[in-house]
Amino acid sequence: MKQDTKALFAKFYIATIVTLLVLIPTSASATAPSSYVNKISDGLFAEILKVAPKIALVVIGFSFLMYIVAGDEHKKSKHKSTAYIAIVAYLILLVLQPLLGWLDGLI
């Protein structure tokens, strides 16, 4: 058992050293490391903006389905308000996407 643990730690240390040897020259030669962070955050934000309206549509559909199925008036009210919030979020996301594309073109 101890040899398995030692072998596992040895593989972990080797993987760590290889990772550091690969990343250090890249980060040392970079003129501005913040440019990598900006590219990653821009790509992540763009992917979130692509998926968010679809998620809002799913929430709207599920809320209306739960509204139809619910028997209690209190639950119907809760599902209706959730659907309204999701509709507002969907409309904001639809307006926000072209606006952010326009702002990205200005920068």
Side-chain angles (χ1 to χ4, degrees):
M1 182 72 181
K2 283 190 174 190
Q3 292 205 359
D4 291 339
T5 307
K6 286 182 182 180
L8 183 67
F9 278 118
K11 289 178 184 178
F12 175 72
Y13 291 138
I14 289 172
T16 304
I17 290 170
V18 168
T19 303
L20 288 175
L21 289 175
V22 169
L23 292 180
I24 287 173
T26 303
S27 63
S29 66
T31 56
S34 63
S35 66
Y36 291 116
V37 174
N38 287 340
K39 287 180 185 177
I40 291 171
S41 64
D42 288 345
L44 185 64
F45 193 64
E47 291 301 318
I48 289 172
L49 279 178
K50 285 180 190 174
V51 175
K54 295 172 181 112
I55 293 173
L57 284 176
V58 169
V59 171
I60 292 168
F62 183 74
S63 296
F64 280 128
L65 178 68
M66 292 305 294
Y67 175 81
I68 292 169
V69 173
D72 185 16
E73 287 299 320
H74 176 71
K75 288 182 182 178
K76 283 190 175 205
S77 168
K78 181 179 157 187
H79 294 304
K80 188 164 71 170
S81 65
T82 302
Y84 287 148
I85 291 170
I87 289 170
V88 169
Y90 178 73
L91 293 175
I92 288 172
L93 286 168
L94 285 181
V95 170
L96 191 65
Q97 281 179 335
L99 181 65
L100 286 176
W102 177 72
L103 287 175
D104 190 33
L106 291 177
I107 296 174

Can you give the donor-acceptor pairs under 3.5 Å from side chains of residues 44-51 to other protein atoms, not counting sequence neighbours?
from  : atom 1 : to    : atom 2 : distance (Å)
Glu47 : OE2    : Lys50 : NZ     : 3.3

Listing, residues 89-96 side-chain donor-acceptor contacts under 3.5 Å, not counting sequence neighbours, or none:
none

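Listed by first and then second residue, the salt bridge (charged side-chain N to carboxylate O under 4.0 Å, His left out) pairs involving residues 64-79 amount to none (not counting sequence neighbours).
The distance from the CG atom of Leu65 to the NE2 atom of His79 is 9.5 Å, given to the nearest 0.5 Å. Here the OG1 atom belonging to Thr82 is positioned 10.0 Å from the CZ atom belonging to Phe62, to the nearest 0.5 angstrom. In this structure, the separation between CD1 on Ile87 and CZ on Phe64 is 4.5 Å, given to the nearest 0.5 Å.
Under the 4.5 Å side-chain contact rule for hydrophobic residues, Ile60 and Ile55 do not share a cluster.
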